[in-house]
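Here is the structure we will look at, set down as structure tokens.
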Amino acid sequence: MAEQNTTGNPEQGAHGGAQGAGPGYDPQKIEAKWQKRWADARVFESEVDPSKPKYYVLEMLPYPSGTLHMGHMRNYTIGDVVARVKRMRGFNVLHPMGWDAFGLPAENAAIQNNTHPRTWTNKNIAEFQRVLRRFGFSYDWRREISTCEPEYYRWNQWFFLCMLERGLAYRKKSRVNWCPKCCTVLANEQVINGGYCWRHEDTLVESREIEQWFLKTTAYADQLLDDLKQLEGGWPERVILMQRNWIGKSQGARVKFAVADVAGAEPIEVFTTRIDTIYGATAVILAPAHPLVSKLLDGSPVRGEAEPKLAKMGQASVKTEDLATMEKEGFFTGRYAVNPFSGGKIPIWVGNFVLMEYGTGAIMAVPAHDERDLEFCRKYGLPVRVVVEPKEVESSKSKVKGEKKVAGAARSGQEVADEAFTDYGISVNSGPYSGMESETAIAKMTAFAEQKGFGRAETIFRLKDWGISRQRYWGTPIPVVYCAKDGIVAVPDSDLPVILPNDVKLTGEGGSPLAATPEFVNTTCPKCGGPARRETDTMDTFVDSSWYFYRYCDPHNDKAPYDSAKAAYWFPIDQYIGGITHAILHLLYSRFWCKVMRDLGLITHNEPAARLFTQGMVQKGGVAMSKSRGNVVGAEEMAQKYGADTGRLYTLFAAPPEKDLEWSEESIEGSWRFLNRVYRLVDRHSAALRGVKAGVGKIEAPPSKTEGGAPGAAKERTLLRKTHQILRRVTQDFETRWHFNSAIALIMELTNEIYGQEPLEEGVRPEIRKEVLELLTLMLAPMTPHLAEELWEMLGHKEGQWTVAWPSFSEELARDDEVEVVVQISGRVRGKLKVPAGTGEEEIVKRAQAEPGIEHHLSGKRIVKRIFVPDKLVNLVVA
RNA sequence: GCCCGGGUGGCGGAAUGGCAGACGCUGAGGACUUAAAAUCCUCCGGGGAUUUUUCCUCAUGUGGGUUCGACUCCCACCCCGGGCACCA
């Protein structure tokens, strides 16, 4: 075994080396040792403590399926570094972990393997937990939650009832997205790539109509939008933007068009953001599903030919992918509408591009100023009437474009050429509004419509209410019963939780498994005591993850979801970390839930997370790691081969945290080598330094040149200077910018410097050697905590490193006494000068001019200007 | 189509408007070794001049601009990645 002392073969650590007790770096042994010490000392357990500043750092909770791979570990490593740095900085850190344990894969796996979703889930949780512990993440495991436990989901039910009581939860029949593979309803957000299931990317989503439970997210649309402002600076701009687009606020007006020549006909309401273009409306177009369509066709002269067309549209594909490119189709209803402004009669059409779900399901077509309308009207020969003209043609660029548009735009409202002019401009051909700027016209015309009672200003949102019903087993039962006498009855609080029965047949064949379980379905009405049926839908799992981080504050509370006082201490989350994939769904629902809880009086803040960080993916072969692609690098495998610290270091070093990272087996070897290098360095010196009384912060001033007359005084100064300079920069990288990769580069640089000064015993006093090596281990502590602890102990410390604060650097020691000043001639580097720090401009210029390599650049020329940056650069501009 | 990111050596990536390529990987050479592994040291963007030392020059997607000085700021364009997309 002796010859293996310095082995760098990672396999040795895992196998032979571990039992050998040789002095080499043995991560298996070291990591187990320190994980136990931390657990015994309860280092990561935290409680409410108003005397200390708090810091809540959280990584998005995982869905426990498949294997934990390095993609997961990157996320947790970033969070762990932040948690450990903040802890070293004196914060009371809350850093919890839990399991998003409900969901379809468990149910599918159970069907496939003939087991129970709970068995499958708990097995995975045990597995995940073991691997996370193996990586030494600083979680307070006492706070672990699992969303499939009744202790947790009971509060989903409780929140649901609160919302039901307040009208925020309601039931309605609605057209839904149905995935034939999941056999369940999907939220809009779960339909991806223009019509495919988010879990089964090859499965086209169908459209069905079912009774569903909804949560009224739209009641908070304005707040969800407005409060995004509070997140600016703390959340990535693009996430804010994606949410803003998703909410899709649109300000405009609702305008009624009366139907001509039909006695008692209901007027058609349209929504428009451009009421100023109404004089240019040449048709009113209804969505095929609009309820007025059949009434208009009733008795219409064209009824015969129109009805088959309507029927055909009704069964058109639901692929939203096609929607964008689909040919616009439509037909005339035989009826006319009256333009409330001009009094003119325009035809009423039905068009497949008009969406029933958006606005009023009807539009006015203004072909001259809307591209879609233009396309439609062209196709069917409807007239195009120009009512807005560009303001003065300012630039040559817009002239080119403008020419095209304005060319045919004769004032008469004849056919215009080519493109619709959709910008704001000046109204023309618009009765009394002609000559007004678009903004003015919009305001005046909206006011007029309001005054006359045929319209009003209106704001609409793209955001829809959140459909939470799932016809599946493995989720939170929705706590209501249906009674023949009393209708929909809420399960009283005292009867919560409505327990998800264990004994259920899972077949995977359509419909809800709960509905086929009579023991669950048949119950009594809480109101009248008569027979009743339970709701058999379960909740979308996004409900679970919408508030789980509050439960971490108070995970065992059986009287309330959490104690408000505890939440008030810990919230908002100071740093939330997760993938960009959750930029809309999870984060929007969480924000909604927060606002509901605030209105319930549970909390007082508006937003759950002050800062959000979206880390990049870990890829292999250019694509994200996933089990289905078969390109995962297993976390446990890494821990066995190199140890957790190497795995952690590599994911931090290989790329900045926000960027995607391409996994490289060769590069991780580099991280492994580096840790070995550090280990050997400290190991070599530890015996001599163990008893030395000195260490961090004890050295405050640089040793003077003459100190002890030692020839190594310069060496000591160099070492101390480098160490403190790097400590300063590493501190910045951790605190202000999360540049973990460059922090590691700096620590490597320091290690190289120390190696370069070996043997340190020659000329460097023990207390200085000790200070330098201690700072090195402390800088590594947040990233490779096990190794750092081990080295700290090797240097003679009885108390764990967790008791030590982040070191502060000494400006005095970091100061350069000699600097290299760059000499530029007319902006080009021509030389460098070594001068004492703080040398003045005159002196530098004098020396620069005397420099041999520089002379010839100056000869025969006149210096017309000079720029001087102290201790950095001098630039002589010559003519 | 609209809105965000991003283009730097063979590769991953560094650079408050001030020496482009830190640090690592790969590769080459050397030391140690009987040998290999490991370790330690040196070199490693292109072109040119100089027999060494060294010097010049081009170079951060392309083209302009601002500046004493631009990877960094401004304008236009090209390419790659992502999001949204008949939203009236």
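The model shown is predicted, which means the values in this text are computed figures rather than measured ones.
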For B:G47 versus B:U42, give the span between their P atoms, rounded off to a whole number of Å. 25 Å

Salt bridge flag under 4.0 Å for residues A:Asp370 and A:Arg274: no

Which residue lies toward the 5' end of RNA chain B, A:Ile867 or A:Met356, if each is placed at its nearest nucleotide? A:Ile867

Identify whether the glycosidic angle of B:G30 places it syn (within 90° of 0) or anti. anti

When both distances are under 3.5 Å in a Watson-Crick or G-U wobble arrangement, the nucleotide paired with B:U52 is none

Just call it for A:Leu873: base, sugar-phosphate, or nothing, with non-hydrogen atoms closer than 4.0 Å on any strand. base

Which of A:Glu753, A:Glu749, A:Gln757 passes side chain to side chain donor-acceptor pair (under 3.5 Å) with A:Lys722? Answer is A:Glu749

Would you list the protein and nucleotides 9-13 of chain B atom pairs, both N or O, that sit under 3.5 Å from each other?
from	atom 1	to	atom 2	distance (Å)
B:G12	O2'	A:Ala654	O	2.5
B:G13	O3'	A:Asn741	ND2	3.2

Is any side-chain N or O of A:Arg677 closer than 4.0 Å to OP1 or OP2 of B:C40? yes

Using a heavy-atom cut-off of 4.0 Å across all strands, would you classify A:Ser664 as base, sugar-phosphate, or nothing? nothing

So among A:Asn676, A:Leu675, A:Ile668, which one has a side-chain contact (heavy atoms from CB on, under 4.5 Å) with A:Trp672? A:Asn676

I want to check one thing: is the phosphate of B:U26, taken as OP1 and OP2, less than 4.0 Å away from some side-chain N or O of A:Arg673? yes

When all nucleic acid strands are considered with a 4.0 Å heavy-atom cut-off, which category describes A:Val829: base, sugar-phosphate, or nothing? sugar-phosphate

Using both distances under 3.5 Å as the test, list the Watson-Crick or G-U wobble partner of B:G5, or none. B:C80

Using only side-chain N and O atoms of A:Lys865, determine if any of them is under 4.0 Å from OP1 or OP2 of B:C68. yes

Separation of B:C23 atom C1' from A:Tyr755 atom OH, nearest Å, is 16 Å

Side-chain N or O of A:Arg830 versus OP1/OP2 of B:C55: is the shortest distance under 4.0 Å? no

What is the nucleic acid contact for A:Val354, judged by heavy atoms within less than 4.0 Å: base, sugar-phosphate only, or nothing? base

What's the CG-P distance between A:Leu355 and B:A85, to the nearest Å? 11 Å

For B:U42, the Watson-Crick or wobble counterpart (both distances under 3.5 Å): B:A28

Check whether A:Tyr755 forms a cation-pi arrangement with A:Arg677 (NZ or CZ under 6.0 Å from the six-membered ring centre, at most 45° off the ring normal). yes

Sugar-phosphate, base or nothing in reach of A:Asn752, heavy atoms under 4.0 Å: sugar-phosphate

Is a donor-acceptor contact shorter than 3.5 angstrom present between the side chain of A:Gln824 and the base of B:G18? yes

Return the nearest nucleotide to the side chain of A:Lys872; candidates are B:C19, B:G18, B:U39. B:G18

Could you tell me whether A:Arg729 contacts a base, only the sugar-phosphate backbone, or nothing, with contacts defined as non-hydrogen atoms closer than 4.0 Å? nothing

Looking across every strand, which nucleic acid part, if any, lies under 4.0 Å from A:Glu357 by heavy atom: base, sugar-phosphate, or nothing? nothing

Answer with base, sugar-phosphate or nothing: what part of the nucleic acid does A:Gly670 contact at a heavy-atom distance below 4.0 Å? sugar-phosphate

To the nearest Å, how far apart are A:His582 NE2 and B:G82 P? 18 Å

Is it the case that A:Lys328 places NZ or CZ above or below the six-membered ring of A:Phe376, under 6.0 angstrom from the centre and within 45 degrees of the axis? no

All heavy atoms of A:Ile460 vs all of A:Gly359, minimum pair found to be CD1-CA, 3.7 Å

Classify A:Arg866 by what it touches in the nucleic acid, base, sugar-phosphate, or nothing, heavy-atom distance under 4.0 Å. nothing

With both distances kept under 3.5 Å, what pairs with B:G12, Watson-Crick or G-U wobble? B:C23

I'd like the C1' distance from B:C71 over to B:U62, given in whole Å. 15 Å

For A:Arg737, report the nucleic acid contact type (base, sugar-phosphate, nothing); a contact means any heavy atom under 4.0 Å. sugar-phosphate

Quick one: is A:Arg680 getting a side-chain N or O under 4.0 Å of the B:C40 phosphate, OP1 or OP2? yes

Base, sugar-phosphate or nothing for A:Arg462? Non-hydrogen atoms, less than 4.0 Å. base

